[in-house]
A.B. asks: 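Before anything else, here's the structure in question.
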Amino acid sequence: MPRRSAVVGFSVAACLGAALAMSQGVVPFRAFAHEGHVFAAGEPGDPKKPFRTVEITMSDGPGTMTYTPNKIEVRKGEQIKFVLKNTGYLAHEFLLDSLENNAKHKIEMQKNPEMEHDDPNGKRLEPKKSAEILWRFTKAGTFEFACLIPGHYETGMKGTIVVK
Ligand SMILES: [Cu+2]
(Lines give C-alpha, C1' and ligand atoms only; values in the text may rest on other atoms or scores of the structure.)
Protein backbone atom coordinates (compact mmCIF):
# COMPACT_ATOMS: atom_id res chain seq x y z
CA MET A 1 0.00 0.00 0.00
CA PRO A 2 2.55 2.64 -1.02
CA ARG A 3 -0.12 5.30 -1.60
CA ARG A 4 -1.62 5.05 1.84
CA SER A 5 1.72 5.12 3.62
CA ALA A 6 2.79 8.15 1.60
CA VAL A 7 -0.23 10.08 2.88
CA VAL A 8 0.31 8.94 6.46
CA GLY A 9 3.96 9.90 6.19
CA PHE A 10 3.01 13.39 5.19
CA SER A 11 0.53 13.72 8.09
CA VAL A 12 3.14 12.57 10.60
CA ALA A 13 5.54 15.15 9.25
CA ALA A 14 2.87 17.84 9.64
CA CYS A 15 2.19 16.75 13.23
CA LEU A 16 5.86 16.77 14.13
CA GLY A 17 6.06 20.27 12.75
CA ALA A 18 3.05 21.26 14.85
CA ALA A 19 4.54 19.75 18.00
CA LEU A 20 7.79 21.57 17.39
CA ALA A 21 5.99 24.87 16.87
CA MET A 22 4.01 24.34 20.11
CA SER A 23 7.11 23.49 22.12
CA GLN A 24 8.57 26.78 20.95
CA GLY A 25 5.41 28.55 22.05
CA VAL A 26 4.83 29.97 18.58
CA VAL A 27 1.33 28.67 17.83
CA PRO A 28 -1.64 28.29 20.20
CA PHE A 29 -2.73 24.72 20.96
CA ARG A 30 -6.25 25.27 19.55
CA ALA A 31 -4.86 25.41 16.03
CA PHE A 32 -4.26 21.65 16.18
CA ALA A 33 -7.55 20.52 17.66
CA HIS A 34 -8.84 18.65 14.59
CA GLU A 35 -7.78 15.08 15.33
CA GLY A 36 -4.17 15.97 14.74
CA HIS A 37 -4.91 17.62 11.38
CA VAL A 38 -3.80 21.13 10.64
CA PHE A 39 -6.16 23.01 8.35
CA ALA A 40 -4.69 26.40 7.57
CA ALA A 41 -7.68 27.68 5.57
CA GLY A 42 -10.41 27.09 8.18
CA GLU A 43 -12.31 23.91 8.99
CA PRO A 44 -14.67 21.33 7.48
CA GLY A 45 -18.16 22.81 7.11
CA ASP A 46 -21.40 21.87 8.85
CA PRO A 47 -24.09 20.76 6.34
CA LYS A 48 -26.84 21.87 8.76
CA LYS A 49 -25.70 25.50 8.52
CA PRO A 50 -26.25 27.80 5.51
CA PHE A 51 -23.72 27.70 2.71
CA ARG A 52 -23.07 29.26 -0.68
CA THR A 53 -22.35 27.02 -3.64
CA VAL A 54 -19.33 27.76 -5.84
CA GLU A 55 -18.81 25.58 -8.88
CA ILE A 56 -15.23 25.08 -10.02
CA THR A 57 -14.37 23.44 -13.32
CA MET A 58 -11.00 21.76 -13.86
CA SER A 59 -9.93 21.45 -17.47
CA ASP A 60 -6.89 20.73 -19.58
CA GLY A 61 -5.91 21.22 -23.19
CA PRO A 62 -2.72 21.59 -25.23
CA GLY A 63 -0.30 23.37 -22.87
CA THR A 64 -2.99 24.56 -20.49
CA MET A 65 -4.52 23.39 -17.25
CA THR A 66 -7.01 25.60 -15.53
CA TYR A 67 -9.53 26.10 -12.78
CA THR A 68 -12.54 28.22 -13.68
CA PRO A 69 -12.96 30.48 -11.78
CA ASN A 70 -9.47 30.81 -10.31
CA LYS A 71 -10.20 33.68 -7.94
CA ILE A 72 -12.90 33.64 -5.26
CA GLU A 73 -13.81 36.07 -2.51
CA VAL A 74 -15.33 34.86 0.72
CA ARG A 75 -16.52 36.54 3.90
CA LYS A 76 -14.84 35.43 7.12
CA GLY A 77 -17.10 32.83 8.74
CA GLU A 78 -18.87 31.97 5.48
CA GLN A 79 -19.44 28.37 4.43
CA ILE A 80 -18.82 27.44 0.82
CA LYS A 81 -19.86 24.26 -0.88
CA PHE A 82 -17.34 23.71 -3.67
CA VAL A 83 -18.82 21.65 -6.48
CA LEU A 84 -15.79 20.38 -8.37
CA LYS A 85 -16.07 19.15 -11.94
CA ASN A 86 -13.22 17.67 -13.92
CA THR A 87 -14.07 18.22 -17.58
CA GLY A 88 -10.50 17.46 -18.73
CA TYR A 89 -8.76 14.37 -20.06
CA LEU A 90 -6.41 13.94 -17.09
CA ALA A 91 -6.89 13.41 -13.36
CA HIS A 92 -6.78 16.62 -11.33
CA GLU A 93 -6.94 17.58 -7.71
CA PHE A 94 -8.22 20.42 -5.61
CA LEU A 95 -6.24 20.99 -2.42
CA LEU A 96 -7.35 23.90 -0.29
CA ASP A 97 -4.63 25.17 2.01
CA SER A 98 -2.25 28.00 2.78
CA LEU A 99 0.25 28.89 0.07
CA GLU A 100 3.06 27.68 2.35
CA ASN A 101 1.45 24.28 2.99
CA ASN A 102 0.71 23.74 -0.69
CA ALA A 103 4.32 24.60 -1.53
CA LYS A 104 5.60 22.02 1.01
CA HIS A 105 3.04 19.48 -0.11
CA LYS A 106 4.09 19.97 -3.74
CA ILE A 107 7.60 18.79 -2.84
CA GLU A 108 6.09 15.66 -1.19
CA MET A 109 4.04 15.02 -4.32
CA GLN A 110 7.14 15.19 -6.51
CA LYS A 111 8.60 12.33 -4.42
CA ASN A 112 5.30 10.40 -4.35
CA PRO A 113 3.39 11.28 -7.55
CA GLU A 114 0.83 8.55 -6.88
CA MET A 115 -0.25 10.09 -3.57
CA GLU A 116 -4.03 10.42 -3.71
CA HIS A 117 -6.24 12.74 -1.71
CA ASP A 118 -9.64 12.26 -0.25
CA ASP A 119 -9.62 14.61 2.70
CA PRO A 120 -11.92 17.28 4.13
CA ASN A 121 -9.83 19.91 2.32
CA GLY A 122 -8.75 18.01 -0.77
CA LYS A 123 -9.97 15.66 -3.49
CA ARG A 124 -8.50 13.95 -6.50
CA LEU A 125 -10.86 13.60 -9.46
CA GLU A 126 -10.52 11.28 -12.40
CA PRO A 127 -11.60 12.72 -15.80
CA LYS A 128 -15.33 13.51 -16.10
CA LYS A 129 -15.88 13.04 -12.35
CA SER A 130 -17.26 15.49 -9.82
CA ALA A 131 -16.96 15.90 -6.06
CA GLU A 132 -17.95 18.31 -3.31
CA ILE A 133 -16.18 19.96 -0.43
CA LEU A 134 -18.04 21.89 2.25
CA TRP A 135 -15.73 24.32 3.98
CA ARG A 136 -16.00 27.04 6.60
CA PHE A 137 -13.54 29.90 6.21
CA THR A 138 -12.78 30.89 9.79
CA LYS A 139 -9.71 33.00 9.15
CA ALA A 140 -9.13 36.14 7.12
CA GLY A 141 -6.31 36.00 4.64
CA THR A 142 -5.31 34.70 1.25
CA PHE A 143 -5.47 30.95 0.65
CA GLU A 144 -4.91 28.74 -2.33
CA PHE A 145 -6.44 25.81 -4.13
CA ALA A 146 -4.00 23.82 -6.17
CA CYS A 147 -3.42 20.68 -8.16
CA LEU A 148 -0.11 19.22 -7.01
CA ILE A 149 0.13 16.37 -9.50
CA PRO A 150 3.65 16.97 -10.86
CA GLY A 151 3.65 19.61 -13.60
CA HIS A 152 0.04 20.73 -13.19
CA TYR A 153 0.57 23.65 -10.82
CA GLU A 154 3.24 25.07 -13.12
CA THR A 155 0.87 24.73 -16.09
CA GLY A 156 -1.71 26.93 -14.36
CA MET A 157 -3.64 24.78 -11.91
CA LYS A 158 -3.82 27.16 -9.00
CA GLY A 159 -6.41 29.52 -7.69
CA THR A 160 -6.73 32.14 -4.98
CA ILE A 161 -9.31 32.51 -2.24
CA VAL A 162 -9.39 35.84 -0.44
CA VAL A 163 -11.20 35.75 2.91
CA LYS A 164 -12.26 39.15 4.27
CU1 LIG B 1 -4.17 18.80 -12.33
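Remember, it's 1-based here, ligands and their atoms both numbered in the order they're listed.
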A.B. asks: Report yes or no: is the cationic atom of K128 (NZ for Lys, CZ for Arg) closer than 6.0 Å to the six-membered ring centre of Y89, at no more than 45° off its axis?
C.D. replies: yes

A.B. asks: Kindly compute the distance separating NZ (K48) from CD (Q79), expressed to the nearest 0.5 Å.
C.D. replies: 10.5 Å

A.B. asks: Counting only heavy atoms not in K129 (residues, nucleotides, ligands), do more than 12 fall under 6.0 Å from its NZ?
C.D. replies: no

A.B. asks: Need the atom name: nearest N/O/S atom of H152 to the Cu ion (ligand 1).
C.D. replies: ND1

A.B. asks: Please name the atom of H92, limited to N, O or S, that comes nearest to the Cu ion (ligand 1).
C.D. replies: ND1

A.B. asks: Any salt bridge between E144 and K158, counting N to O under 4.0 Å?
C.D. replies: no

A.B. asks: Is M157 close enough to the Cu ion (ligand 1) to have an N, O or S atom under 2.8 Å?
C.D. replies: yes

